[in-house]
Amino acid sequence: MAVVVVTLTVTATAQSSRSGGITPVASIRVRSETLNWFGDSPGGAYSFLAGTARLGLERQRPRMGWRVEFAAPVLLGLPDDAIEPAPRGLLGAGANYYKANDNTTNSAHLFLKQAYLRVRSHDLRWQGRGGRFEFMEGGEISPTNPTLAAIKRTRIAQRLIGPVGFSHVGRSFDGVDLQFNRGSTNVTVMAGLPTAGVFTADGWGEVGQVGLGYASVTAPGPWSGGSDRSEFRLFGIYYRDSRSILKVDNRPLTRRQEDLDAISVETLGAHYLRRVPTGAGAVDLLGWGAVQFGEWGRQRHRAFAGTVEVGWQPDVAPGMLPWLRLGYFRSSGDSDPADLTHGTFFQLLPTSRMYSRFPFYNLMNLEDFSASLTLRPGSRTTIRSDLRLLRLSEGSDGWYVGGGAFRKDDFGYAMRPSNQSHRLATLLDMSLDVRVASHWTVVGYGGYAMARRVVETIYPAKPSGGFGYFEVEYRR
């Protein structure tokens, strides 16, 4: 895979000057993942190797551009004994890859990742795109201030809609989007159908009968003093899943089997970012919130989620550039499985790993108290460590995992019972990112979860868990 990517990249680069501005797009990423899932099952401790090569061509001119890109994921050594009866279920990502690829330990595919045409108005205010493309909700534009840009990239974007870039397959959308830019104000409209992928290596087709629409307005925040100080976004999302498939919620199985009606969820939300210079170093503020309503099959859907975070970059240790952050997140759970209202916040089609670096949970029915420290010992190195106290919002609901629909016959989420408990786990982790050369990056990560009552009741023998990986990526 590496030889093919590099060879074709060099060939395309040599020809680009003779081909009217056509340039190559290429990347290859190889990752070794190790998981020690909760419990004492022999299948819960495993490692596997996987990689993804992406290769394409693009031509971008002021008025018109296009891009065609293929992806080739390879999965090697997936565990064949990491699936247990409910409620223990699938023991981590390796089990998900194994099940999604027809119970095979090795899998590889080649599929069309992106193929779109982009057009722009003569004044560059309007631009539209149609075809197959990746889309990041909340990432429509990037603030001019690097601090706000970093916060938006890591703590705002992809909470509800994302390409699942950490996955070895990812997610694209077949659809259209339109953007209008005037000064620091951006308006974005998008409609699309999610493609298959994420865990299943064959990303050619669509999920089927799942679609969404998205609209947002992003502008400098009020009382901001300019776009380099703050940002405000108002957004709305319409999501519909018409598949006749078993839903994941806290109702008894018999009731869920009787309810194969469509899911139709509307989400309204906003975020606000603010950077405040002080004599002791810059302080940043983040607020994000969303409310949901609609229909969850035969139930009404009413839910909410929100987060507040504060960061401080003290004027100490200039060689390390420390950045401290504190945050609190809460999403609603369902308080009564017997009533006619579904109250669990629905995360739609997110990039889950952005907000769950050890992805044994997601942002549904969750309380998350967090503290984070980021260090930058040089322009090429980033060290980050997080401490998270995780609780379930409603003890009558469950412990949710997953990142949304990724194939026709899989709902995309799973739930384990809470047994009327709230305390989920305490997570401590650390990552190291090093850009070793202009196109090469090396990443290492390790996370340890100290399980609490919710996990202990399901995995009593060994309730703690761990996850780590080592990754090398080339990107042109």
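Please read these numbers as outputs of a predicted model, since none were measured by experiment. Note: hydrogens, waters and symmetry copies are ignored here, and every other heavy atom, side chains too, is used.
A ring-centre distance under 6.0 Å is found for Trp296 and His342. Taking the six-membered ring for Trp and the full ring otherwise, the centers of Tyr239 and Phe346 sit less than 6.0 Å from each other. Aromatic ring centroids of Phe360 and Phe38 lie under 6.0 Å apart.
The two residues Ser47 and Thr34 have their closest heavy-atom pair at OG-OG1, 2.8 Å. Ala262 approaches Arg240 most closely through the heavy-atom pair CB-NH2, 3.6 Å. The shortest non-hydrogen separation linking Gln158 to Pro163 is OE1-CD, 3.2 Å. Contact detail for Pro463 and Glu456: the closest heavy-atom pair is CB-CG, 3.7 Å. Taking all atoms of both residues into account, the shortest heavy-atom contact from Arg155 to Met354 is NH1-O, 4.1 Å. Here the shortest heavy-atom pairing between Arg171 and Leu349 reads NH1-O, 3.0 Å.
Remark: Asn365 CG to Ser332 OG distance equals 8.0 Å, nearest 0.5 Å. Here the straight-line distance linking atom OH of Tyr361 with atom CH2 of Trp399 works out to 12.0 Å at 0.5 Å rounding. For the atom pair CH2 of Trp440 and OH of Tyr474, the computed distance is 7.5 Å after rounding to the nearest 0.5 Å. In this structure, CG on Asp334 lies 6.0 Å from CG on Asp339, to the nearest 0.5 angstrom. Of the inter-residue distances, the one linking Arg274 atom CZ with Asn145 atom CG reads 11.5 Å to the nearest 0.5 angstrom. The CG atom of Leu78 sits 14.5 Å away from the NZ atom of Lys99 when rounded to the nearest 0.5 Å.
Heavy-atom neighbours of Arg423 CZ from other residues, nucleotides or ligands within 6.0 Å: at or below the threshold of 12. For CG of Leu340, the number of neighbouring non-hydrogen atoms (other residues, nucleotides, ligands) closer than 6.0 Å is 12 at most. Atom CZ of Arg475 has 12 or fewer neighbouring heavy atoms from other residues, nucleotides or ligands inside a 6.0 Å radius.
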Go through Tyr459 and Trp37 one step at a time and tell me if the side-chain hydrogen bond (donor to acceptor under 3.5 Å, both in side chains) criterion holds. CA-CA 10 Å; Tyr459 305 99; Trp37 191 256; 3.2 Å; yes
Start with the C-alpha distance between Lys152 and Glu231, add both sets of side-chain angles, then the distance that settles salt bridge (Lys or Arg N to Asp or Glu O under 4.0 Å), and finish with yes or no. CA-CA 10 Å; Lys152 188 174 182 181; Glu231 181 185 271; 3.0 Å; yes
Check against ring-ring contact (aromatic ring centres under 6.0 Å, His included), His168 and Tyr97: CA-CA 10 Å; His168 298 290; Tyr97 283 116; 5.7 Å; yes
Quick one, Lys462 with Asp40, criterion salt bridge (Lys or Arg N to Asp or Glu O under 4.0 Å). Give me CA distance, side-chain angles, the key distance, then yes/no. CA-CA 6 Å; Lys462 187 187 73 62; Asp40 59 351; over 6 Å; no
Verdict with reasoning, Arg384 to Thr374, per side-chain hydrogen bond (donor to acceptor under 3.5 Å, both in side chains): CA-CA 4 Å; Arg384 174 181 162 184; Thr374 301; 5.0 Å; no
Between Ser352 and Gln347, is the side-chain hydrogen bond (donor to acceptor under 3.5 Å, both in side chains) condition met? List the steps. CA-CA 9 Å; Ser352 295; Gln347 211 179 343; 4.5 Å; no
Could you give me the CA-CA distance, side-chain angles and deciding distance for Ser335 and Glu394, then say whether side-chain hydrogen bond (donor to acceptor under 3.5 Å, both in side chains) is met? CA-CA 6 Å; Ser335 59; Glu394 294 287 348; 5.1 Å; no
Taking it one step at a time, do Arg29 and Glu473 satisfy salt bridge (Lys or Arg N to Asp or Glu O under 4.0 Å)? CA-CA 4 Å; Arg29 183 181 68 190; Glu473 181 177 29; 5.1 Å; no
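For the pair Phe345/Leu160, a side-chain contact is recorded, criterion being any heavy-atom separation below 4.5 Å from C-beta on. Counting heavy atoms from C-beta on, the side chains of Val310 and Trp312 never come closer than 4.5 Å. Within the 4.5 Å cutoff, the side chain of Glu309 has no heavy atoms near those of the Ile151 side chain. Under the 4.5 Å side-chain criterion, counting only non-hydrogen atoms from C-beta, His301 is not in contact with Glu295. Inter-residue side-chain proximity for Arg452 and Thr426 is flagged as met; some heavy-atom pair is nearer than 4.5 Å. Using a 4.5 Å cut-off on side-chain heavy atoms (C-beta onward), Tyr413 and Val401 make no contact. Using a 4.5 Å heavy-atom cutoff, the side chains of Thr52 and Val74 are not in contact. Looking at Val455 and Arg416, their side chains never come closer than 4.5 Å, going by heavy atoms from C-beta outward.
Counted by atom type alone, Arg376 and Thr382 present one or more donor-acceptor pairs between their side chains at under 3.5 Å. Between Gln313 and Thr147, the side chains place a donor N or O and an acceptor N or O closer than 3.5 Å (distance only, hydrogens not considered).
A cation-pi arrangement is found for Arg159 relative to Trp288, the charged atom lying closer than 6.0 Å to the ring centre and inside a 45° cone about the ring normal. Phe166 carries Arg31 over the face of its six-membered ring, with the cationic atom under 6.0 Å from the centre and within 45° of the normal.
In summary, Asp174 and Arg132 engage in a salt bridge, as defined by a charged side-chain N under 4.0 Å from a carboxylate O. Here Arg388 pairs with Asp386 in a salt bridge; the nearest charged N to carboxylate O distance falls below 4.0 Å. Residues Arg251 and Glu258 are not paired through a salt bridge, judged by the lack of any N-O separation under 4.0 Å between the basic side chain and the carboxylate. Using a cutoff of 4.0 Å between basic side-chain nitrogens and carboxylate oxygens, Arg54 and Glu134 are scored as salt-bridged. Classification of Arg325 and Asp284 as a salt-bridged pair holds, one side-chain N sitting under 4.0 Å from a carboxylate O.
Judged by distance alone, the side chain of Lys247 and the main-chain N or O of Asp249 form no donor-acceptor pair under 3.5 Å. A distance-only check finds a donor-acceptor pair linking the side chain of Tyr355 to the backbone of Ile156 [under 3.5 Å]. Looking at Asp259, its side chain never comes within 3.5 Å of a backbone N or O of Arg255 through a donor-acceptor pair. Thr381 places no side-chain N or O within donor-acceptor distance of the main-chain N or O of Gly378, the cut-off being under 3.5 Å. Under the 3.5 Å distance criterion, the side-chain polar atoms of Lys113 are left unmatched by any main-chain donor or acceptor of Phe133. The backbone N or O of Trp204 sits less than 3.5 Å from a side-chain atom of Asp202, completing a donor-acceptor pair.
Aromatic ring pairs are classed by plane angle as parallel below 30°, tilted from 30° to 60° and perpendicular above 60°; the pair Tyr469 and Phe467 is tilted.
Remark: His422 pairs with no residue by the ring-ring contact (aromatic ring centres under 6.0 Å, His included) rule, at least two apart or across chains.
Under the salt bridge (Lys or Arg N to Asp or Glu O under 4.0 Å) criterion, the residue pairs touching residues 344-358 are Arg357-Asp429, with sequence neighbours excluded.
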Tabulate below the donor-acceptor pairs under 3.5 Å that side-chain atoms of residues 194-201 make, not counting sequence neighbours, or state none.
from, atom 1, to, atom 2, distance (Å)
Thr195, OG1, Ser172, N, 3.0
Thr195, OG1, Ser172, O, 3.2

